[in-house]
Structures are given as structure tokens and as C-alpha cells.
Amino acid sequence: MVALDHPRGAPGVAFLYDFAVAEARRGQGYGRALLHAVESSAREAGESALELNVFGHNMAAIRLYASAGYDVITQQMRKSL
Ligand SMILES: CC(C)(COP(=O)(O)OP(=O)(O)OC[C@H]1O[C@@H](n2cnc3c(N)ncnc32)[C@H](O)[C@@H]1OP(=O)(O)O)[C@@H](O)C(=O)NCCC(=O)NCCS
């Protein structure tokens, strides 16, 4: 699920909310293909960037996003006390 309205109002920035591939189909290139399709749709809608949140432990998603050209722009950190 992608929104053309950024949650904090950043102009021209679409936001990716829900992004998942069916468990049995993971690791076959669908995630990368779907991400490219979302980017193309957002670009065609006039957006100049796509932003998303990802948990720090989600290495599969982080590797996909990093290899697709996404940079870290904010980081939320936690320590168990
Ligand atoms: C993240 C997700 C969408 C990736 O979809 P996918 O179809 O499995 O990904 P692809 O097969 O297209 O792989 C693309 C890249 O993701 C990374 N990747 C995918 N699975 C991985 C795994 N198990 N471990 C490490 N990296 C992985 C790799 O960098 C891979 O590129 P490569 O094949 O050239 O090495 C999928 O794992 C998923 O649905 N996860 C559960 C939901 C989720 O976490 N969504 C993201 C929320 S931010």
C-alpha cells in the first residue's frame, strides 16, 4: 500500500506503508519487482521520492531497500533496561 500524501507533509514524497510478498514466494525476485513497480507508479503520479519505515532487525527488507538505492534518513534507537 502506497500513499501519495506523505504522513508529515513532505512535498513530492510518496510513502510506502504495507509491503509484503507471500511467504511461499519470497526469495524469487517478486519483492524487487514489486518495489520497482511501486516506484514507477509513484513517478508517473508526479512524485519525486519514495519513503518508508523498516525495523532495524528486518535484514531481508533492509538489504532489498539498500540495493535498490534507498538511504537511511532517520533512525530510532532503543536499549532494554
Ligand atoms: C522484504 C520482502 C518484501 C522481500 O521480498 P522478496 O520477494 O523475498 O525479495 P526478492 O526475492 O525480490 O529479493 C530482493 C533482495 O532482498 C534481499 N533479501 C530477500 N530475502 C532475503 C533474505 N532472506 N535474507 C537477506 N536478504 C534478503 C536481497 O538483497 C535480495 O536481493 P538478491 O536476491 O539480489 O540478493 C519479503 O521478505 C517480505 O514480504 N517480508 C515480510 C514483510 C516485510 O518485512 N515487508 C517489509 C516491511 S518494511
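Ligands are counted one by one from 1 in listed order, and the atoms in each one are counted from 1 as well.
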Q. Which bit of Asn58 is near ligand 1, meaning a heavy atom under 4.0 Å away: side chain, backbone, both or neither?
A. side chain
Q | Neighbour count above 12 (heavy atom, 6.0 Å) for Gln28 CD | A | yes
**Q.** Any side-chain heavy-atom pair of Leu35 and Phe19 under 4.5 Å
**A.** yes
Q.
If you measure every N or O of Arg26 against every N or O of ligand 1, does any of those distances drop under 3.5 Å?
A. yes
Q. Are any of the N/O atoms in Met59 less than 3.5 Å from those in ligand 1?
A. no
Q) Under 4.0 Å from atom 29 (O) of ligand 1, is there any protein heavy atom? A) yes
Q) Do the non-hydrogen side-chain atoms of Glu39 and Glu44 ever get within less than 4.5 Å of each other? A) no
Q.
Protein heavy atoms near atom 13 (O) of ligand 1, is at least one of them under 4.0 angstrom away?
A. no
Q: Note the single closest protein heavy atom to atom 32 (P) of ligand 1, along with its residue, its atom name and the distance in Å.
A: Arg32 NH2, 3.8 Å
**Q.** Minimum-distance pair of heavy atoms, taken over all atoms of Leu34 and Ala20
**A.** CD2-O, 4.2 Å
Q.
Please list the nearest protein heavy atom to atom 46 (C) of ligand 1 with its residue and the distance rounded to 0.1 Å.
A. Phe19 O, 3.3 Å
(Q) Below 3.5 Å, N or O to N or O, backbone or side chain included: is there any such pair between Val54 and ligand 1? (A) no
Q.
Strictly less than 4.0 Å: does any protein heavy-atom distance to atom 39 (O) of ligand 1 fall in that range?
A. yes
Q.
A side-chain contact here means heavy atoms from C-beta on lying under 4.5 Å apart; do Leu50 and Phe15 qualify?
A. no
Q: Looking only at distances, please establish whether an N/O atom of ligand 1 is found under 3.5 Å from an N/O atom of Gly29.
A: yes
Q. Should the proximity of Tyr17 to ligand 1, defined as any heavy atom under 4.0 Å, be assigned to the side chain, the backbone, both, or neither?
A. neither
(Q) Would Ser67 count as being in polar contact with ligand 1, using the rule that some N or O on each side must be under 3.5 angstrom apart? (A) no
Q) Between Gly31 and ligand 1, does any nitrogen or oxygen pair lie at a separation below 3.5 Å? A) yes
Q. Heavy-atom contacts under 4.0 Å between Glu23 and ligand 1: side chain, backbone, both, or neither?
A. neither
